[in-house]
Student: 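There's a structure below that I have some questions on.
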Amino acid sequence: MNEFKPVAAETFIKAIHDTETYPCSVLVSADFDNSIFDPTHFARSAVYCPPPMFRASRKRQAEYFAGRYLANEAMSSYGTNQFKLIADAKRCPQWPSTLVGSITHTDRYAACIVAKKSAIAAIGIDAQDILNDSRAERVQSRIIDSVESRLIAQSELTPALGVSLCFSAKEAIYKALYPLVQQYFGFNAAKLHSINTIDGHLTFRFDPALWILYNERNTLTVQYQIKDQRLLSCVMLNAVQK
């Protein structure tokens, strides 16, 4: 049996800082390999590990650590260091009072975006691997309705990519709005309204129960990026200036 040899956190994950893609925020992202994760990274990197996570699989620990490690990196950009980032009963991270943020991960990629609450009222980010055709067909009815499906068909997107984008975008929307509304809402609460493949934007309209967006049409734009068969969706809600 091969003996597991621990590696430094910097070998497991190398953070990339981006302050240009999403204005008024810091995006920190990284690829990682969960096969070389060492659970002692939590203590050595001052990343809080909740007790249940100690009993989780190494893969789950690696994904959790990657997200929180990048969160520490992002928060440090705003002068907040070694913050104990706990989650509520709905697994929603409890950020410092002056910041808003969001974390996402796949099996091998993680990202965290953080902004000052004085500039951004809500923020959500989501990474997803693009669904293959058969998987997209199986889950489509849970994610989009017939009207949204027609919009995708009329666009330059393939059906699988369209479903994948809506899945990721609606996850990002939920992450952004849940801390404000404090109630669960499903995929059908946000309806795809328009697609802009040139600028990488999707626009959604909302159920009346979520009319908190401070604009007459109650719409919200989700920006997306596609890289190496992976999607990254981000939604930001500007703070109301008093």
Student: Atom OG of Ser149 and atom CG of Leu192: how far apart are they, to the nearest 0.5 Å?
Tutor: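 Separation between the atoms: 10.0 Å.
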Student: Check whether Thr106 reaches the backbone of Asp129 with its side chain - one donor and one acceptor, N or O, closer than 3.5 Å.
Tutor: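 It does not hold such a pair.
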Student: Between Phe187 and Phe167, does the ring centroid distance fall short of 6.0 Å?
Tutor: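 Aromatic pair counts; centres sit under 6.0 Å.
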Student: How many angstroms lie between atom CG of Leu151 and atom CG of Leu157, to the nearest 0.5 angstrom?
Tutor: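 Between Leu151 CG and Leu157 CG, I get 10.5 Å after rounding to 0.5 Å.
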Student: Between atom CD1 of Ile103 and atom CZ of Arg68, what is the distance when rounded to the nearest 0.5 Å?
Tutor: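 Answer for the CD1-CZ pair, Ile103 versus Arg68, is 4.0 Å.
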Student: Looking at Ala30, is its backbone amide N or carbonyl O close enough to the side chain of Lys14 to form a donor-acceptor pair, meaning the two atoms are under 3.5 Å apart?
Tutor: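 Not at all, since once roles are kept as given, no pair shorter than 3.5 Å links the two residues.
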Student: Glu137 side chain to Ser134 main-chain N or O, any donor-acceptor pair under 3.5 Å?
Tutor: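 Not a single qualifying donor-acceptor pair exists.
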Student: Think Arg60 forms a cation-pi with Tyr64, using NZ or CZ under 6.0 Å from the six-ring centre and within 45 degrees of its axis?
Tutor: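 That pair does not qualify as a cation-pi contact.
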Student: Taking only residues two or more places apart in sequence, or in another chain, which ones meet Tyr48 in a ring pair (Phe, Tyr, Trp, His ring centres under 6.0 Å)?
Tutor: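 Once residues adjacent in sequence are excluded, Tyr48 has no partner under the ring pair (Phe, Tyr, Trp, His ring centres under 6.0 Å) criterion.
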Student: How would you list all residue pairs meeting salt bridge (Lys or Arg N to Asp or Glu O under 4.0 Å) that involve residues 187-196, not counting sequence neighbours?
Tutor: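 Passing the test, one end in residues 187-196: Asp145-Lys191.
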Student: Mind checking whether Val100 and Trp95 have side chains closer than 4.5 Å, heavy atoms only?
Tutor: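 Not in contact.
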Student: How many angstroms lie between atom CZ of Arg108 and atom CG of Asp228, to the nearest 0.5 angstrom?
Tutor: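 Nearest 0.5 Å value for the CZ-CG distance: 9.0 Å.
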Student: To the nearest 0.5 Å, what is the distance between OG (Ser164) and CZ (Arg230)?
Tutor: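 Ser164 OG to Arg230 CZ: 14.0 Å, rounded to 0.5 Å.
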Student: Distance check, rounded to the nearest 0.5 Å: Ser25 atom OG versus Glu20 atom CD?
Tutor: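 Nearest 0.5 Å value for the OG-CD distance: 11.0 Å.
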Student: Take His41 and Phe65, measure what ring pair (Phe, Tyr, Trp, His ring centres under 6.0 Å) needs, and give me the verdict at the end.
Tutor: CA-CA 8 Å; His41 288 337; Phe65 172 83; 5.6 Å; yes
Student: Does Tyr109 have any ring pair (Phe, Tyr, Trp, His ring centres under 6.0 Å) partners at least two apart in sequence or in another chain, and if so, which?
Tutor: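 For Tyr109, no residue satisfies ring pair (Phe, Tyr, Trp, His ring centres under 6.0 Å) once neighbours in sequence are set aside.
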